[in-house]
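Everything on this sheet refers to the single structure shown next.
All figures in this text were calculated on a predicted structure; none of them were measured in a lab.
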Amino acid sequence: MSQSIQDLCNSDIVHYTKQDYNGYYQNWDLIQSPNSKFIYAANSKGLLEYDGSSWKLYQYAQNQKIRSVAIDKSGDIFTGSLGEFGVWKRNKSGELTYHSLKQKINDPYFINEEIWNIVPTTKGVVFQSFAFIFIYQNDKIKKLKAPGNILFVYDVRGRLFIEVLEKGLYEIKGDNFEKIAGSDFLGKESVHTILPIHENGLLIGTSKGLFVFENNQFKAFNKETNQIILQEQLNNGLQLNEDTYVFGTILNGIIITNAEGKIIQHFNQKNGLQNNTVLSLAKDIEGNLWVGMDKGIDLILLNSNLKYFTDYDGRLGTVYDIALFQNRLYVGTNHGVFVNDLTPNAKFQIIPKTQGQVWTLEVIDNQLLCGHNSGTFNIEHHSATLISSVTGGWVIKKLHKNPDLLIEGTYTHLCIYRKNKIGKWEFDHIVNGFSAPVRQLEEDAEGNIWVNKTSNSIYKLTLTKDTKNFKALTEFNQASLVENYKNLIKINDKIILTGENNLLEYDSKIGKFRISNALNTIQNQSIKKIFPIKNNRIFSIEKNGTLLFINEKNSVSEISFKRDLWVDDYENMRAIDSQNVLLCTENGFAIIPQAQNSILRKQISIKTIIRSISVLDYPEKSKTINANDYHEEFQLESYQNSIILSFATPQYSRQIQYSYWLENSTKSWSPWLNTSQKEFNNLSSGKYIFHLKSSLDETETTFSFEIKQPWYWNGWSKFCYFLIVVFFAGLSYWIHNRKVLLEQENLKRRHDKKLKRQIEQSEKTIMQIRNEQLEKDIIRKSEELANSTMVLIKKNELLVEIKKETDSLPHEIGNRSLREHSIYKKILHLVESNISTEQDWQIFEANFNEVHQEFLEKLLEKYPSLTPSDLKLAAYLRMNLSTKEIAQLFNITNRSVELKRYRLRKKLNLDTEVNLGEFMMKFRIMT
C-alpha cells in the first residue's frame with residue numbers, strides 16, 4: 001500500500017497568538033458574523049473581533065471571562081459568562097457596546113450560573129448553563145424547566161437536542177422535553193457534539209466514541225476513529241460539508257474524517273497547531289476551519305488547494321529542488337539529498353555521500369542526476385554514485401540537437417556528459433575556452449547555448465560539432481541588462497530575460513534583445529522568475545514574492561502562496577508529474593494541482609470595507625464605520641485635518657494588497673501595498689472621496705468626508721476681511737504716497753546738503769588757494785624785507801665807511817681846520833643822518849609786522865618788560881641775521897650785540913641750552 005505526495009502535506013495553518021489579538025490564551029467559542037463576515041471569539045479576557053486586518057478586544061465592565069458567543073440572522077452578537085448574558089450592538093461611533101439582559105431573568109440563582117452555550121433559533125435565542133435553559137425572544141426571557149442536569153443544546157436541521165445526565169438524549173419541542181428512545185446509555189456519557197449525517201441521521205460524539213442515530217437505532221461509528229476519539233478525549237465537533245466532519249479533542253488536536261469515519265487529516269501540535277487542546281470550532285463562509293484552543297487561535301485553510309509539508313524538526317533544511325523518481329520523492333536541500341518511499345508512515349532519509357549543498361535534481365532518460373556542491377551524482381534508490389568531481393553542479397540539461405549529450409553549468413566550467421555502454425550518464429569532457437560560474441542555461445532552436453553567469457552577464461555560445469570547444473561567443477553585458485534583467489528562461493523556443501518592468505526576447509534577425517510579447521498580461525509587472533509548465537501554462541513569481549498563474553488564454557490569476565516561504569534568489573518549482581506542481585520552500589515544500597480548475601478554485605467575493613476613520617490628536621472624533629452601509633455625512637473641523645483611514649477585507653485565506661487614492665488630494669492610484677491603513681496629514685478644507693480596492697476584488701469602495709472651513713472663513717468673516725483689505729489697501733496707498741513725498745523731501749534735502757558740501761568745498765578750495773597765495777606773498781614780502789634789510793645793512797656799512805673816511809680826511813691831508821668847514825660838516829651830518837634812523841626802523845617794523853603777523857606785538861604782550869631795542873633785536877633774530885649784520889643795523893660793535901642778546905635771554909627766561917635765534921623763529925608756533 002502506497003501513499004501519495006498529497007498525503008505528506010497538510011493544509012496551511014495561520015496562527016494568531018495572544019500577542020496578535022491582545023487577549024488571554026483560552027478561546028472558548030468562535031463564530032463568524034453572517035452580515036459583516038467578521039470573526040468573533042469568546043476569550044477569557046473579553047470579546048474578540050477580527051476583520052481580516054486587525055483584532056479588537058471588547059470587555060465587560062467587570063472584566064469577566066466570556067464563555068460563549070453566538071450571532072443571530074440580524075447580526076446581533078450575544079455573549080454569556082458567569083451570571084451574565086446580553087447583546088452587543090454598535091453605537092453611533094461604530095463601536096460595539098454591551099447591553100446586559102440579566103435583569104430580565106427572574107431567578108435568584110442565575111448569578112451563580114455560567115452560560116456555556118448560546119444557540120440562535122427561529123423561535124428565539126437559547127442560552128444555557130449546566131442547570132438552566134432560557135429562551136430570549138421579543139425582548140423577553142423565558143425559562144425552560146429541564147428534566148435534570150444538562151450539558152449542551154445542539155441545533156440539528158432546526159431541531160434542538162440536549163443531553164440530560166443519567167437519563168439520556170432529549171429533543172426540545174416548545175416548552176417540552178421528549179426523550180429519544182434507546183438513548184439511556186448516552187446519559188452515562190458526556191455528549192460533546194451532535195451533527196447531521198446522511199439524509200436524516202444524527203452523528204453523536206461522546207467521551208466514549210461516535211454513534212450514528214438513524215431509523216430510531218443507535219450504532220457505533222467507524223471503529224478505528226472511535227478508538228482514537230476514546231484515547232484523545234473528544235471535546236467538540238463540526239460538520240464542514242456533507243461528507244466532511246471535524247472533531248476537536250482535549251489531548252491531540254483535530255481529526256478530520258469523511259462521512260464513513262475514515263480519517264482524512266489529523267492536525268496537532270507536532271504538525272502545526274499551537275496547542276493540542278481544542279476548545280471551540282467554527283467554519284467560515286469559504287469553508288476554512290477556525291480553531292479556538294487553550295492557547296491561541298488557528299485558521300486551517302482547508303479551502304486552499306495549496307498544501308504544505310513543513311519540516312518542523314529542521315532535519316531536512318532549506319529545499320532547493322525536488323524530483324519524483326520511481327515512486328520515490330527525492331528532496332535536495334542544503335543538508336543533502338533525502339528520499340521518502342511514499343509508503344505509510346515512511347519518513348525522509350538522507351542518502352549517504354550526498355551530505356552538503358544540493359543545487360539541482362533532474363530526471364533525464366529514467367535516470368536521476370544530482371548537481372551538488374561536491375560534484376554530480378547519479379542516484380538510484382537510496383544510494384548515490386559520483387560521476388563528476390567538477391564542483392558546483394548548478395544546472396544540467398539535455399541537448400535537443402545532440403540528444404545523446406547533457407550539458408551542465410558549474411562553479412567553473414561547462415561540462416558535457418554522454419551515456420556509457422550500459423546506458424548510464426557519465427562525465428565526458430569540459431568545454432574548452434569557457435571558464436565562468438553558470439547558474440542558468442538554455443538551448444535555443446538553432447542549438448546555441450545561452451548561459452547566465454552569476455554576474456548576470458548573458459552569453460550565447462555556438463559549440464563545435466564535437467562540443468569540446470566553441471566556435472562563436474557573443475556576450476550581452478550592457479548595463480541595462482546586468483542591472484535590470486536577472487533570469488534566463490526559454491518559452492516556446494524563445495530565449496527570454498525577466499526584468500523589473502517587462503520581458504526581453506532575443507530576436508535572431510537583428511541579433512539583439514527586444515521587448516517580448518510572449519506574455520502580454522504580465523508586462524509592466526515586476527516579474528522575478530518564470531516557470532513554464534506543460535500545456536502552455538506558466539507560473540511566475542513577482543519581485544514581492546506573489547505567485548501568479550497564466551493559463552493557455554494568457555489570463556493571469558494570483559495564487560495564495562505564502563510569500564515569505566520562498567528561498568531568496570533560488571526560488572524553484574517543478575511539475576513532478578502530470579497532476580502536481582511542487583514549490584520549494586525554506587522549511588519544506590508545497591504542492592498545488594496542475595489542473596486549472598483545481599489551481600483556481602472558485603473564491604467567494606467579499607467586498608473591501610473602510611473600517612474606521614481616526615483623527616490624529618483628537619481620538620474622541622474617531623469613528624468605526626462600515627463604508628458599505630454608512631450613509632451619514634462625516635464632517636471634521638478644520639483643525640482635525642490629519643486622519644488615518646483603516647480598511648479591511650473579511651477574507652482570511654489569502655494575502656491581500658490594497659490600492660487607493662483620495663479624490664481632491666492625490667491624482668492617481670497608489671501601487672499595491674500590504675498595508676491596511678493610510679494616513680493623510682494637513683488636509684485643506686473641502687470635500688474628499690477616498691477610493692479603495694483590493695487585489696481580490698476590483699470593485700471600488702468609497703467613503704466621503706468633509707473638512708469644514710475654519711470659523712474665520714465664513715461669510716461675515718470674509719466680508720470683514722474684505723473691509724480690512726480695502727482699509728489696508730487705502731492705508732497702503734496713503735503710506736505709499738507719504739513715502740513718496742518723504743522720499744522727495746529727502747532727495748531735496750540730500751541735494752541741498754550735497755550742494756552745500758560742494759559750496760563749502762569750493763570755498764575751502766578758494767581759501768586754500770588764497771592762503772597759498774598769501775603764503776607766496778608772505779614769502780615774497782619776506783624776501784623783499786630781507787632784501788631791504790640787506791640793502792639797509794649795506795647802506796649802513798657804506799655810510800659808516802664813508803663817515804670813517806670822512807673823519808680821517810682832515811688828518812690825512814693835514815688840515816685840521818677842515819672839520820670846521822661848513823661843507824665838511826654838512827657831508828658828515830648827511831652821512832650820520834642816513835645811518836639806521838628810527839624812521840627806518842618804523843618802516844622796517846611795519847613791513848615786519850605785516851609779514852610776520854604782528855610778531856612784535858605778541859612778543860611784547862607776552863614779555864611786557866622788553867624795550868624797543870629788545871624788540872629790534874628779536875626782529876633781527878627772527879630774520880635769522882647774524883651778529884655782525886645786527887651790529888651794523890644797530891651801529892654798534894659785535895660785543896654790544898652779544899650783550900644785548902644776553903639781556904634779552906634773561907628777560908625771556910630762557911635756559912642756556914635754548915638757542916635764542918631758533919626761539920624767535922619758532923615764537924608764533926610756540927604761542
Side-chain angles (χ1 to χ4, degrees), residues 14 32-33 35-39 50-54 94 284-286 288 301 303-304 501 520-527 540-551 554-563 600-614 623-634 643-681 683 686-706:
V14 181
Q32 183 179 35
S33 170
N35 299 334
S36 67
K37 308 301 185 294
F38 294 169
I39 298 296
Y50 184 48
D51 60 13
S53 294
S54 60
D284 64 22
I285 62 171
E286 294 182 283
N288 298 308
L301 301 179
N303 187 47
S304 173
N501 298 313
N520 292 326
T521 54
I522 59 173
Q523 292 292 352
N524 301 319
Q525 293 183 348
S526 184
I527 299 301
S540 69
I541 303 173
E542 291 186 295
K543 189 176 180 179
N544 63 2
T546 301
L547 179 61
L548 303 178
F549 172 71
I550 302 100
N551 63 14
N554 220 11
S555 176
V556 179
S557 302
E558 181 180 337
I559 306 299
S560 181
F561 178 74
K562 289 184 175 180
R563 302 186 186 105
L600 303 176
R601 183 175 291 180
K602 186 177 180 180
Q603 303 287 346
I604 297 174
S605 178
I606 299 177
K607 192 174 181 180
T608 298
I609 62 172
I610 297 174
R611 191 77 172 93
S612 67
I613 178 169
S614 303
K623 195 164 189 176
T624 300
I625 59 175
N626 184 340
N628 295 332
D629 52 22
Y630 187 83
H631 304 295
E632 296 181 25
E633 185 178 3
F634 194 87
I643 63 172
I644 296 177
L645 286 164
S646 300
F647 34 87
T649 304
Q651 198 285 336
Y652 310 97
S653 62
R654 289 175 285 175
Q655 294 177 333
I656 304 173
Q657 293 180 310
Y658 296 96
S659 180
Y660 44 77
W661 72 288
L662 184 62
E663 193 173 331
N664 296 330
S665 178
T666 57
K667 295 182 179 180
S668 60
W669 288 93
S670 72
W672 292 104
L673 300 171
N674 292 323
T675 181
S676 60
Q677 64 179 23
K678 173 59 181 175
E679 180 175 338
F680 295 100
N681 291 301
L683 294 173
K687 293 185 178 181
Y688 296 89
I689 302 176
F690 183 67
H691 298 258
L692 176 70
K693 60 183 178 181
S694 75
S695 56
L696 304 183
D697 190 347
E698 289 294 321
T699 304
E700 280 190 36
T701 298
T702 60
F703 175 66
S704 302
F705 63 94
E706 179 183 5

For Asn303, is there any backbone N or O sitting under 3.5 Å from a side-chain donor or acceptor partner on Asn288? yes

Can you tell me how far OG of Ser694 sits from CD1 of Ile656, rounded to the nearest 0.5 angstrom? 6.0 Å

Trp661 and His691 aromatic ring geometry - parallel, tilted or perpendicular at 30°/60° bounds: parallel

Atom CD1 of Ile541 and atom CG of Asn544: how far apart are they, to the nearest 0.5 Å? 10.5 Å

Output yes when a side-chain donor or acceptor of Thr546 lies under 3.5 Å from a complementary backbone atom of Glu542, and no otherwise. no

With sequence neighbours left out, the residues meeting side-chain hydrogen bond (donor to acceptor under 3.5 Å, both in side chains) with Thr699 are Asp697

Could you pull out the closest heavy-atom pair between Glu286 and Ser653, with the gap in Å? OE2-OG, 3.4 Å

Provide the closest heavy-atom pair for Trp669 versus Glu700 in the form atom of the first, atom of the second, distance. CZ2-OE2, 3.4 Å

Phe705 and Leu683, any side-chain heavy atoms less than 4.5 Å apart: yes

Would you say Leu548 and Ser557 make side-chain contact, with heavy atoms under 4.5 Å? no

Checking side-chain polar atoms at under 3.5 Å, does Gln677 have a donor or acceptor matched by the opposite partner on Thr675? no

Check whether any side-chain heavy atom of Ser695 sits under 4.5 Å from a side-chain heavy atom of Glu558, and report yes or no. yes

State, without any angle test, whether Tyr658 and Thr649 hold a side-chain donor-acceptor pair at a distance under 3.5 Å. yes

Are the side chains of Glu679 and Ile643 in contact, using a 4.5 Å heavy-atom criterion? no

Between the OG atom in Ser33 and the CD1 atom in Ile39, the distance rounded to the nearest 0.5 Å is 9.0 Å

Show, in sequence, the C-alpha distance, side-chain angles and deciding distance for Gln651 and Thr608, and conclude whether the side chain to side chain contact (heavy atoms under 4.5 Å, CB included) test is met. CA-CA 9 Å; Gln651 198 285 336; Thr608 298; over 6 Å; no

Looking just at side-chain N and O atoms, do Asp284 and Gln32 make a donor-acceptor pair shorter than 3.5 Å? no

Closest heavy-atom contact between Pro650 and Lys607? CD-O, 4.0 Å

Considering residues at least two apart in sequence or located in another chain, which fulfil the side chain to side chain contact (heavy atoms under 4.5 Å, CB included) criterion with Asn664? Tyr688

Does the side chain of Val14 reach to within under 4.5 Å of the side chain of Tyr652, using non-hydrogen atoms? no

Run Leu696 and Gln655 through side chain to side chain contact (heavy atoms under 4.5 Å, CB included) and show every step you take. CA-CA 9 Å; Leu696 304 183; Gln655 294 177 333; over 6 Å; no

Are side-chain heavy atoms of Tyr660 and Phe647 found at a separation under 4.5 Å? yes

Residues in side-chain hydrogen bond (donor to acceptor under 3.5 Å, both in side chains) contact with Ser560, at least two apart in sequence or another chain: none

Does the side chain of Ser53 pick up a donor-acceptor pair with the side chain of Arg611 at under 3.5 Å? no

Take Leu673 and Gln657 through the side chain to side chain contact (heavy atoms under 4.5 Å, CB included) test and state the conclusion after the steps. CA-CA 5 Å; Leu673 300 171; Gln657 293 180 310; over 6 Å; no

Measure the spacing between OG of Ser36 and CG of Asp51 and express it to the nearest 0.5 Å. 9.0 Å

Between Phe690 and Ile610, is there a side-chain heavy-atom distance shorter than 4.5 Å? yes

Under the 3.5 angstrom rule, does the side chain of Ser659 hit a backbone N or O of Ser670 as a donor-acceptor pair? yes

Separation between CG of Leu692 and OG1 of Thr701, rounded to the nearest 0.5 Å: 5.5 Å

Decide yes or no for Lys678 and Ile644: does some side-chain heavy atom of the first lie under 4.5 Å from some side-chain heavy atom of the second? no

